[in-house]
Amino acid sequence: MEAVNTAVADTGSGEEPENGAAGTPRAGTPTLGQVLLAVEELWPESLAEEWDEVGLVVGRPTATVTKVMFAVDPTLAAIEEAIEWGAELLVTHHPLLLKGVTSVAATTAKGLAVHRLIESGTGLLTVHTNGDSAVGGVSDVLADAFGLDNVVPLAPAAHGLPEEGIGRVGDLPELMTLGDFAARVFEILPSVAGGVRVAGDKDGLVRRVAVCGGAGDSLFDAVRASQADIYVTADMRHHPASEAREAAVDGRPYLVDVSHFASEWLWLPAAAEALGNVLADQGHDVEIRVASTNSDPWDFILTPG
């Protein structure tokens, strides 16, 4: 995967010096705090699920930001890519510290990540389930990529707008076979070792499609209530998938299981562009890029035949 550069155009006159007196930021350069306000406008923390941990993990709100990198996971590889590029802020979809810790010593991978971020002056910001639920979020991007119309949330947000919530469901412009639709999913998502797994009649016809970026096999009740012909999500476990097939009516909903990383990576270019647009509208000059790091954990797969 190639890095996506979504640089924000310079809105200044070009007559300002690169840096102000006494180390003050150059004209148009935002602080981390100002970037956080733009992020909150796009992906409000109030939309995050109760169990989630989102927001600023590392960084001083008073620090200046000229470069921002987006990645799915705060892996050491993604952190090193951000540092090497000179990003002062790394925005990741997945949290680094979702569960409580008692130490961030550099003797563990997470501790080392915190040390590398602080030592390099790179902030870390998590936009997780608030990025899933918000308009233009992970599942909205998937729905757009698959060409769905009349899209609504699969599980509406408890404290949001009617169009906000986890997952999306919508309709294809015309009927497709399950095989053809699965091929479309395979072609659109980033290439990873796990590929795409499908359950259902390859020649069965589908039109109403439910999607959920990331792990979504806890939403089968909502999928059935939506009367979807097919459900696309990641990390489908054996028992929920098996039970869904047992409870299927005329084989539906068919199931398409994809890579967790791949299902959420598609959001990154859209998120980078959205943040760039908000910052530019506010008169800020920031360069934004999507990391090229592939953080899917699998390297190869063996299949029959």
Side-chain angles (χ1 to χ4, degrees), residues 1-4 49 52 69-79 81 90-96 98 109 126-129 131-133 137-148 154 166-169 178-200 202 206 209-220 223 228 230-242 244-245 253-272 290-304:
M1 282 169 287
E2 297 182 358
V4 178
E49 298 294 297
D52 202 7
M69 180 168 283
F70 276 77
V72 173
D73 297 289
T75 60
L76 289 170
I79 290 169
E81 183 178 352
L90 174 64
V91 181
T92 62
H93 186 55
H94 291 145
L96 176 66
L98 183 58
T126 298
V127 179
H128 193 207
T129 52
D132 290 321
S133 185
V138 173
S139 293
D140 264 337
V141 171
L142 283 175
D144 288 344
F146 298 154
L148 304 186
L154 189 58
I166 301 298
R168 297 293 187 267
V169 60
L178 173 60
D180 287 342
F181 181 78
R184 174 183 289 185
V185 173
F186 179 80
E187 292 167 358
I188 288 172
L189 294 183
S191 179
V192 294
V196 173
R197 300 189 300 178
V198 186
K202 186 176 181 180
V206 299
V209 180
V211 302
C212 180
D217 65 14
S218 63
L219 296 176
F220 276 120
V223 172
I230 184 171
Y231 184 36
V232 183
T233 192
D235 293 348
M236 284 199 204
R237 295 165 295 172
H238 173 84
H239 293 295
S242 178
R245 296 202 68 179
Y254 300 134
L255 307 179
V256 176
D257 184 36
V258 300
S259 155
H260 193 128
F261 163 81
S263 71
E264 295 174 331
W265 187 91
L266 282 186
W267 173 71
L268 300 184
V290 172
S292 60
T293 299
N294 180 344
S295 54
D296 186 87
W298 307 108
D299 293 315
F300 63 91
I301 187 171
L302 305 179
T303 59

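Treat the numbers as computed from the prediction; the structure is a model and nothing was measured.
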Trainee: Looking at every heavy atom in both G167 and S139, which two are closest together, and how far apart are they?
Mentor: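 Smallest interatomic distance, heavy atoms only, reads CA-OG, 3.6 Å.
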Trainee: For H260 and H94, run ring pair (Phe, Tyr, Trp, His ring centres under 6.0 Å): C-alpha distance rounded to whole Å, both residues' side-chain angles, the deciding distance at 0.1 Å, then the answer.
Mentor: CA-CA 11 Å; H260 193 128; H94 291 145; 4.9 Å; yes
Trainee: Looking only at non-hydrogen atoms, find the nearest pair between P74 and I79 and report the distance.
Mentor: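 Looking at all heavy atoms of both residues, the closest pair is O-CD1, 3.7 Å.
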Trainee: Side-chain contact, heavy-atom cut-off 4.5 Å: S259 with W265?
Mentor: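 They are not in contact (no side-chain heavy atoms under 4.5 Å apart), so the answer is no.
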Trainee: Answer yes or no: is there a donor N or O on one side and an acceptor on the other, between the side chain of D217 and the main chain of P240, under 3.5 Å?
Mentor: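 Answer holds: no.
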Trainee: Would you call I188 and F146 a side-chain contact if the rule is heavy atoms closer than 4.5 Å?
Mentor: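 They are in contact (side-chain heavy atoms under 4.5 Å apart), so the answer is yes.
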Trainee: Kindly give the heavy-atom pair with the smallest separation between A270 and V141, and that separation in Å.
Mentor: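 Looking at all heavy atoms of both residues, the closest pair is CB-CG2, 3.9 Å.
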Trainee: Run the side-chain contact (heavy atoms from CB on, under 4.5 Å) check on N294 and F261 step by step: do they pass?
Mentor: CA-CA 8 Å; N294 180 344; F261 163 81; 3.3 Å; yes
Trainee: Apply the test side-chain contact (heavy atoms from CB on, under 4.5 Å) to residues D73 and T92: give CA-CA distance (whole Å), side-chain angles for both, the deciding distance (0.1 Å), then the verdict.
Mentor: CA-CA 6 Å; D73 297 289; T92 62; over 6 Å; no
Trainee: Hey, are the side chains of L255 and F220 touching, using non-hydrogen atoms and a 4.5 Å cut-off?
Mentor: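 Yes; the side chains approach each other to less than 4.5 Å.
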Trainee: Would you check if R168 and L148 make a side-chain contact, meaning some heavy-atom pair closer than 4.5 Å?
Mentor: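 A side-chain contact under 4.5 Å is absent here.
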Trainee: Is there side-chain contact between E49 and I166, with heavy atoms separated by less than 4.5 Å?
Mentor: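 Touching, per the 4.5 Å side-chain cut-off.
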Trainee: Taking ring-ring contact (aromatic ring centres under 6.0 Å, His included) as the definition, give me every residue that meets it alongside F70, ordered by chain and number, with sequence neighbours left out.
Mentor: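 Testing F70 for ring-ring contact (aromatic ring centres under 6.0 Å, His included), a comparison that skips the adjacent residues, returns none.
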Trainee: With side-chain contact (heavy atoms from CB on, under 4.5 Å) as the test, would you mind laying out the steps for Y254 and F181 before giving the verdict?
Mentor: CA-CA 11 Å; Y254 300 134; F181 181 78; over 6 Å; no
Trainee: Looking only at heavy atoms, what is the nearest atom pair of L142 and C212, with distance?
Mentor: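 Distance-wise, the nearest heavy atoms are CD1-C, 4.3 Å.
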Trainee: Taking T75 for its side chain and A78 for its backbone only, find out whether a donor-acceptor pair lies under 3.5 Å.
Mentor: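 Side chain of T75 to backbone of A78, a donor-acceptor pair under 3.5 Å: yes, one is there.
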Trainee: What are the two closest non-hydrogen atoms of P253 and V223, and how far apart are they?
Mentor: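 Smallest heavy-atom distance, with atoms named: CG-CG1, 4.0 Å.
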Trainee: Please report the closest heavy-atom contact between L76 and A109, naming both atoms and the distance.
Mentor: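 Reported closest heavy-atom pair: CD2-O, 4.0 Å.
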Trainee: Is there a side-chain contact between V256 and V196, using heavy atoms and a 4.5 Å cut-off?
Mentor: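 Heavy-atom side-chain distance check passes, below 4.5 Å.
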Trainee: What residues form a side chain to side chain contact (heavy atoms under 4.5 Å, CB included) with A182, not counting sequence neighbours?
Mentor: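 So A182 forms a side chain to side chain contact (heavy atoms under 4.5 Å, CB included) with V198.
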Trainee: Any donor-acceptor pair under 3.5 Å linking the side chain of E264 with the backbone of V138?
Mentor: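 Absent.
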Trainee: Quick one: are L266 and L268 in side-chain contact, heavy atoms under 4.5 Å?
Mentor: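 No, side chains not in contact.
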Trainee: Keeping T233 on the side-chain end and G216 on the backbone end, is there a donor-acceptor pair under 3.5 Å?
Mentor: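 Here the side-chain-to-backbone pair exists.
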Trainee: Between the side chain of D257 and the main-chain N/O of D235, is any donor-acceptor distance below 3.5 Å?
Mentor: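 Yes: the side chain of D257 pairs with the backbone of D235.
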Trainee: Please round to the nearest 0.5 Å and tell me the distance separating atom OG1 of T293 and atom CD of E81.
Mentor: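 The distance works out to 3.5 Å.
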Trainee: Apply side-chain contact (heavy atoms from CB on, under 4.5 Å) to residues D132 and H93 and explain how you reach the verdict.
Mentor: CA-CA 9 Å; D132 290 321; H93 186 55; 3.3 Å; yes
Trainee: Evaluate the side-chain proximity of L219 to L154: yes if any heavy-atom separation is below 4.5 Å, no if none is.
Mentor: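 Yes. Closest side-chain heavy atoms under 4.5 Å.
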